[in-house]
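To start, the structure under review is shown below, and the notes come after it.
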Amino acid sequence: VPFKEFAQTLEKIEDLSGKKKIDELGQFFTKVLDFSPEDLTACVYMSVNQLGPSYEEDLRIKGDLGTVAQQSRQNQKTLIQPKPLTIPIVFNKLVKIAKINGKEATTTKISEIKGLLSSCQGIEARFLVRMLAGKMRIGLGEQSVLSALGHALTLAKLAETNKKVSGDKLDAMKDTNVKRVKTAYCECPNYDLLSTRKRKNATDDNGVKVGVFLFDLLYFNGKPLVREPLRKRRELLRSNFKKIDGSFYFATSVDTMDTDEINSFFDEAIQNKCEGLMIKTLDTEATYEISRRSKSWLKMKKDYVDGIGDTLDLVVMGAYVGNGKRTGVYGGYLLGCYNPSTEEYESVCKIGTGFSDEDLAEQFKILQEKKIEKAPMYYQFDPTLKPDDIFAPHLVFEIKCADITISPRHKAASGLTEDGKGISLRFPRFLRIRDDKNADDATSSEQVLEMYRSQEIFANQKIEADDGEEDDDDVVGEDEEKDEEEEDLNKTNASEGSSKENPVEKKKSPVKQSPAKKDAEKSKSPLKSTPVEKKKTVASIFSSTKKSVKKEESPIKKKKKNEFSSDSDSEDSEDDAFAKKAQPKKKRSRVAIDSDSE
DNA sequence: GATGCCTGCCC
DNA sequence: ATTCTGC
DNA sequence: GCAGAATGGGCAGGCATC
């Protein structure tokens with residue numbers, strides 16, 4: 001397959017929109033299947049800009065690569081002058097470059113890349129460079145590549161059997177195959193992910209206790225359990241594995257249909273320094289299939305509710321030029337808090353999300369007039385954070401975060417901590433510009449430290465929960481049956497948990513809260529977005545004070561934390577309830593909640 | 001050998 | 001991770 | 001609602017550089 005053909009396909013895809021992108025790639029794959037099916041693997045990998053799974057360990061793939069490598073080598077001999085590149089040549093070369101390591105690795109890689117580039121013609125170079133940069137940005141990613149593959153396989157199959165189908169019937173067949181491809185993709189272990197991560201000194205004696213918390217079983221004795229409901233998967237997990245104190249546990253969970261119970265379990269989780277809960281249906285839509293997963297797994301964290309959570313007002317010290325769709329505006333900013341005693345601005349975090357396109361355009365305009373040549377003495381930040389543009393202290397952003405942590409790079413409150421370490425934010429996002437604040441009205445270093453400390457305290461004490469109120473909404477499931485309650489408790493520790501799991505796939509599926517975020521913040525109408533149908537939900541939650549639910553996909557661990565909200569003043573209201581839901585399907589069911597914790 | 005920058009990965 | 005946006 | 005594409009802190013490992 002000529003590389004040029006591939007590059008041209010990418011170019012077309014870039015300009016098309018919606019499903020047409022998939023159709024275009026599907027046609028390309030169909031052609032590949034027709035003329036050089038042996039190149040399909042490489043084409044698929046290149047479409048997702050990956051070199052494939054850990055080829056060293058995957059014999060099947062390795063075999064393919066061997067063939068590819070051979071072909072490529074043969075071609076190269078006769079390739080005295082620029083000869084048209086082919087998919088195998090390029091793919092093989094990329095793999096080769098990826099494997100180069102050791103001394104002089106960079107130099108060698110560069111020279112190999114130069115060689116590849118000099119063989120490019122026309123648009124080939126453009127896409128080759130993007131591939132090398134890791135950003136294809138053609139608006140088509142993994143999911144679409146899988147769809148295209150499904151389409152191509154459908155057509156190939158039909159051609160093979162000489163059948164002719166079209167219209168709705170054909171579409172239906174495609175859908176079926178797309179689903180098969182995606183399912184296979186989900187069920188097929190990725191050796192790269194499963195392989196043990198390299199750790200030079202993975203000892204356990206560095207004072208940090210590490211434990212594994214199991215919460216699901218996707219394969220057992222060679223059989224995929226992905227299609228089994230969570231209740232069964234969990235039962236197999238619990239009956240076939242044994243807990244080992246100090247290192248191997250089952251995630252703490254509670255089975256319930258009662259939101260109050262969920263809330264109190266959530267409080268307990270927070271107390272134990274967990275980030276929150278993963279709420280899943282036990283029986284209904286409780287399998288691990290991709291298309292439904294998003295509807296039956298919800299993540300519940302304290303910072304998802306508008307008006308609640310840590311909020312800070314920080315000064316924009318500098319900015320970084322934007323890439324891709326942010327070309328021409330800033331892609332992110334360096335923010336700092338103000339230390340009145342030293343009259344310095346200390347970096348707290350960079351920020352790059354939460355902005356609408358309009359926000360970015362407006363900010364770029366505002367900041368042009370605040371640009372200054374170099375960072376003033378009163379700007380404290382690590383050299384590695386040096387912004388492309390630096391501004392006089394002026395603009396103030398209201399930022400929300402999930403946590404406040406000690407940082408190895410940021411300077412906030414570094415003069416106030418015992419060890420001199422600074423403070424930073426975890427998962428910072430932009431909420432809005434604080435027009436009503438001057439730079440020196442920003443959150444102070446002391447306040448930042450205070451927020452950090454109160455988190456610690458909070459996490460270590462018992463929270464009285466409670467609430468009161470209820471809201472209406474209900475949750476619950478109706479159908480599905482029985483309830484039992486069960487729970488295990490283990491609490492323990494804390495260390496960071498880690499986990500990694502879910503080797504099966506990585507996808508993301510957010511349920512975002514409604515887009516009402518900023519508005520809600522301003523208008524405080526937390527419920528507004530929620531009403532969504534509460535019909536069939538998987539689970540709906542709300543609480544009286546904090547908590548909301550978001551959806552997510554892979555559960556995992558968490559880290560610390562707790563709640564609290566302070567802010568330099570913004571109005572946080574706390575109100576109410578919240579409910580989120582997942583999607584309408586019809587039946588409700590009982591849910592199981594795992595504490596995502598470490 | 002120590003230090004710094006970059007990459008890949010986890011959230 | 002979080003968030004926004006086009007489809 | 002999905003999929004894609006912007007972007008965060010932090011860690012560990014690997015390579016470059018002093």
Side-chain angles (χ1 to χ4, degrees), chain A residues 16-22 48 98 100-109 134-147 192-193 197-202 275 290-291 294-295 299 301 303-304 320 322-327 329-335 347-360 382-385 399-410 422-431 496-502 506-515 517-518 532 550-560 582-584 596 598:
Chain A
L16 292 170
S17 74
K19 296 262 190 280
K20 292 188 184 134
K21 286 175 183 286
I22 293 173
V48 289
I100 297 173
N101 62 25
K103 199 165 188 299
E104 303 274 295
T106 306
T107 310
T108 313
K109 284 178 193 244
K135 300 170 179 195
M136 293 257 265
R137 24 187 236 91
I138 52 173
L140 179 148
E142 193 175 81
Q143 292 306 310
S144 298
V145 169
L146 295 177
S147 293
D192 220 6
L193 291 174
R197 285 192 78 190
K198 292 181 198 166
R199 275 287 176 320
K200 286 275 168 94
N201 295 307
E275 273 185 19
I290 17 186
S291 58
S294 63
K295 296 169 186 171
K299 182 169 61 180
K301 288 174 68 170
D303 57 305
Y304 291 159
Y320 308 89
N323 298 302
K325 63 183 179 184
R326 294 195 182 167
T327 299
V329 295
Y330 293 124
Y333 307 90
L334 177 66
L335 305 180
S347 84
V348 186
C349 68
K350 287 204 296 178
I351 186 78
T353 192
F355 315 104
S356 63
D357 294 346
E358 192 185 354
D359 289 334
L360 292 169
D382 184 287
T384 61
L385 292 167
I399 299 304
K400 183 161 185 168
C401 63
D403 262 314
I404 297 179
T405 66
I406 290 297
S407 167
R409 310 173 75 202
H410 290 285
I423 289 173
S424 189
L425 312 182
R426 202 155 93 104
F427 307 148
R429 53 264 204 189
F430 169 84
L431 291 185
E496 184 83 279
S498 57
S499 78
K500 95 166 306 55
E501 65 260 93
N502 208 31
K506 36 201 2 323
K507 121 174 290 46
K508 352 196 118 192
S509 61
V511 151
K512 260 78 220 59
Q513 202 145 264
S514 56
K517 162 189 142 209
K518 297 187 186 181
V532 193
K550 193 174 213 155
K551 130 190 293 89
E552 154 137 32
E553 64 174 349
S554 123
I556 299 200
K557 281 24 223 146
K558 73 230 24 358
K559 196 183 187 58
K560 41 182 72 318
Q583 177 84 114
D596 190 4
E598 52 234 358

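A, B, ... follow the sequence lines: proteins, then strands. Residue 1 opens every chain.
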For this session: Ignoring backbone atoms, establish whether Lys400(A) has a side-chain N or O less than 4.0 Å from OP1 or OP2 of dT3(C).
Result: no
For this session: Would you mind telling me which of dG10(D), dA16(D), dG8(D) lies closest to the side-chain atoms of Phe427(A)?
Result: dG8(D)
When you compare the protein's N or O atoms with those of nucleotides 5-7 of chain C, which come within less than 3.5 Å of each other, and at what distance?
unit_1	atom_1	unit_2	atom_2	d
dT5(C)	OP1	Asp357(A)	N	2.9

Exercise. Do you know which two heavy atoms are closest between Val348(A) and Ser424(A), and how far apart they sit?
Worked result: O-OG, 2.7 Å
Exercise. What's the CG-P distance between Leu335(A) and dT7(D), to the nearest Å?
Worked result: 15 Å
For this session: Starting at atom CD of Glu104(A), determine the distance to atom P of dC15(D), rounded to an integer number of angstrom.
Result: 11 Å
Exercise. To the nearest Å, how far apart are Ile404(A) CD1 and dG8(D) P?
Worked result: 19 Å
Exercise. For dA5(D), does either OP1 or OP2 sit under 4.0 Å from a side-chain N or O belonging to Asn323(A)?
Worked result: no
For this session: Between Pro408(A) and Lys135(A), just flag the one whose closest nucleotide in DNA chain D comes earlier from the 5' side.
Result: Lys135(A)
Exercise. Atom CG in Asp357(A), atom CZ in Arg326(A): separation rounded to 0.5 Å?
Worked result: 7.5 Å
For this session: Could you tell me the separation between the CD1 atom of Ile399(A) and the CZ atom of Phe430(A), rounded to the nearest 0.5 Å?
Result: 7.0 Å
For this session: Round to a whole Å and report the spacing from NZ of Lys21(A) to P of dG4(D).
Result: 10 Å
For this session: Verify the contact: side-chain N or O of Arg137(A) to OP1 or OP2 of dA6(D), cut-off strictly under 4.0 Å; return yes or no.
Result: yes
Seminar exercise, completed: Taking dG8(D), dC15(D), dG10(D) as options, the one with an atom nearest any side-chain atom of Ser424(A) is dG10(D)
Exercise. Under 4.0 Å: is that the gap between some side-chain N or O of Tyr333(A) and OP1 or OP2 of dG8(D)?
Worked result: no
Problem set entry | Rounded distance (Å) that lies between atom C1' of dA5(D) and atom CG of Leu140(A) | 13 Å
For this session: Look at Lys299(A) and dC11(B) and indicate whether a side-chain polar atom (N or O) is within less than 4.0 Å of OP1 or OP2.
Result: no
Exercise. Base, sugar-phosphate alone, or nothing: which one does Ile406(A) contact when heavy atoms must sit under 4.0 Å apart?
Worked result: sugar-phosphate
Problem set entry | Listed nucleotide nearest any side-chain atom of Lys350(A), set dC15(D), dG4(D), dG8(D) | dG8(D)
Exercise. Is any side-chain N or O of Lys103(A) closer than 4.0 Å to OP1 or OP2 of dC15(D)?
Worked result: no
Exercise. Please give, in whole Å, the distance from dA6(D) P to Tyr320(A) OH?
Worked result: 19 Å
Problem set entry | Nearest-Å distance once atom C1' is located in both dA1(C) and dG8(B) | 15 Å
Exercise. Once you round it to whole Å, what is the distance between P of dT3(C) and CD1 of Ile351(A)?
Worked result: 9 Å
Exercise. Is it true that the side chains of Thr405(A) and Asp403(A) contain a donor and an acceptor less than 3.5 Å apart?
Worked result: no
Exercise. Using a cut-off of less than 4.0 Å, is there contact between a side-chain N or O of Ser407(A) and OP1 or OP2 of dG10(D)?
Worked result: yes
Exercise. Do Phe355(A) and Tyr333(A) have their ring centres less than 6.0 Å from each other?
Worked result: yes
Seminar exercise, completed: CD1 of Ile22(A) to CG of Leu16(A), rounded to nearest 0.5 Å, is 11.5 Å
Exercise. What is the distance from atom CD of Glu104(A) to atom OG1 of Thr106(A), rounded to the nearest 0.5 Å?
Worked result: 9.0 Å
Exercise. How long is the span from the CD1 atom in Ile423(A) to the CD1 atom in Ile406(A), to the nearest 0.5 Å?
Worked result: 5.0 Å
Problem set entry | Distance-only donor-acceptor test, Thr353(A) side-chain atoms vs dT2(C) base atoms, 3.5 Å | yes
Seminar exercise, completed: Atom CG of Asp303(A) and atom P of dC11(B) are separated, to the nearest Å, by 17 Å
For this session: Scan Ile22(A) against the nucleic acid and name what it touches under 4.0 Å (heavy atoms): base, sugar-phosphate only, or nothing.
Result: nothing
For this session: List the atom of Leu334(A), the atom of Leu385(A), and the distance in Å for their closest heavy-atom pair.
Result: CD2-O, 4.1 Å
Exercise. Has Arg429(A) got a side-chain N or O lying under 4.0 Å from the OP1 or OP2 atom of dT3(C)?
Worked result: yes
